[in-house]
Amino acid sequence: MNSDSDLQIAGDILEVPHLLQPPREHPATVAEFAGLARSLAADRSQWEHLVAYDATSRWYHRLRTGPGYEVWLLSWVPGQGSGPHDHGRSSGVLTVLDGVLTERTERGTRVLAAGSQRVFAPGYVHDVVNDALEPAVSLHIYYPGLTEMPMHTPRCESRTAPGPVTA
Ligand SMILES: [Fe+2]
């Protein structure tokens, strides 16, 4: 820092511990949840041995919980999909750990390769599917923890079938 800087620290910053924020034990902001997901994605020893693939039903495992959030591990064999759904009151961070997932929303289709992240707010509707030829693994952080996952009628069916309008 040169002497023309607007910000200068006089003395030793370590002498003013009340100005230093201790690192938080638990994430609390969107950026921190996304950061937690990235650090888990980078450390395969945290989750790789837990993954199972189940062709008959969706496989999921609650990896950890904390105050106000839950972390889930999901596997997707080729062809498996969630169906259109939202996440109730929860916000979330979806991170692809392995393979490739396709996310469909009203706005279009997005291909999510390993490392891709999607952050979504309450009410966000999407359909996630493994359209690839290889299995996929994803990490889902929900805050608050997921209490419901309402399913939505696919658009093409809602035009012909009576029932509640979904968006
Ligand atoms: Fe979802």
Side-chain angles (χ1 to χ4, degrees), residues 26-44 46-161 163-167:
H26 290 286
T29 66
V30 172
E32 287 169 350
F33 285 121
L36 169 62
R38 280 196 300 274
S39 66
L40 286 168
D43 184 2
R44 300 181 71 90
Q46 299 270 329
W47 50 268
E48 198 168 34
H49 61 289
L50 298 169
V51 174
Y53 296 101
D54 186 340
T56 55
S57 66
R58 300 273 311 292
W59 179 90
Y60 47 89
H61 171 79
R62 193 163 65 183
L63 193 62
R64 69 169 71 167
T65 61
Y69 71 95
E70 293 182 344
V71 183
W72 291 84
L73 195 59
L74 273 69
S75 71
W76 314 71
V77 300
Q80 274 183 333
S82 63
H85 64 276
D86 68 58
H87 313 84
R89 296 172 47 238
S90 300
S91 301
V93 178
L94 156 63
T95 304
V96 180
L97 301 181
D98 253 344
V100 178
L101 291 174
T102 300
E103 180 192 46
R104 297 195 181 94
T105 69
E106 272 198 341
R107 292 181 162 199
T109 296
R110 198 183 291 259
V111 175
L112 305 172
S116 299
Q117 286 193 301
R118 296 287 294 151
V119 175
F120 52 83
Y124 183 69
V125 180
H126 65 173
D127 183 5
V128 180
V129 62
N130 181 358
D131 273 343
L133 298 174
E134 301 292 329
V137 180
S138 56
L139 186 85
H140 302 243
I141 301 180
Y142 299 110
Y143 45 100
L146 201 61
T147 55
E148 56 174 342
M149 202 179 90
M151 299 304 292
H152 291 239
T153 308
R155 263 192 146 196
C156 54
E157 291 176 24
S158 66
R159 289 205 190 98
T160 54
V165 175
T166 58

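Computation of the quantities below employed the complete heavy-atom set of this structure, encompassing side-chain atoms and omitting hydrogens, waters and symmetry-equivalent molecules. Start at 1 with the first residue, then count along the sequence. Start at 1 and go down the list; that is how both ligands and their atoms are numbered. Just so we're clear, the structure is a prediction, and the values are computed from it rather than from any experiment.
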Q.
Counting only heavy atoms from other residues, nucleotides and ligands, does the tally under 6.0 Å from CD of Glu48 exceed 12?
A. yes
Q: Check whether any side-chain heavy atom of Tyr142 lies under 4.5 Å from a side-chain heavy atom of Thr147, and answer yes or no.
A: no
Q. For the Fe ion (ligand 1), how many protein N, O or S atoms come closer than 2.8 Å?
A. 3
Q.
The criterion is side-chain hydrogen bond (donor to acceptor under 3.5 Å, both in side chains); which residues satisfy it with Asn130, sequence neighbours excluded?
A.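 Per chain and number, Asn130 pairs via side-chain hydrogen bond (donor to acceptor under 3.5 Å, both in side chains) with no residue.
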Q.
Suppose we screen for side-chain hydrogen bond (donor to acceptor under 3.5 Å, both in side chains). Which residues come up paired with Arg38, at least two apart in sequence or across chains?
A. Gln117
Would you list the atom pairs, donor with acceptor, under 3.5 Å between side chains in residues 56-63 and any protein atom, with sequence neighbours excluded?
from, atom 1, to, atom 2, distance (Å)
Thr56, OG1, Asp54, OD1, 2.6
Ser57, OG, Asp54, OD2, 3.4
Arg62, NH1, Glu70, OE2, 3.2

**Q.** Test item: side-chain donor near acceptor, His126 and His85, under 3.5 Å
**A.** yes
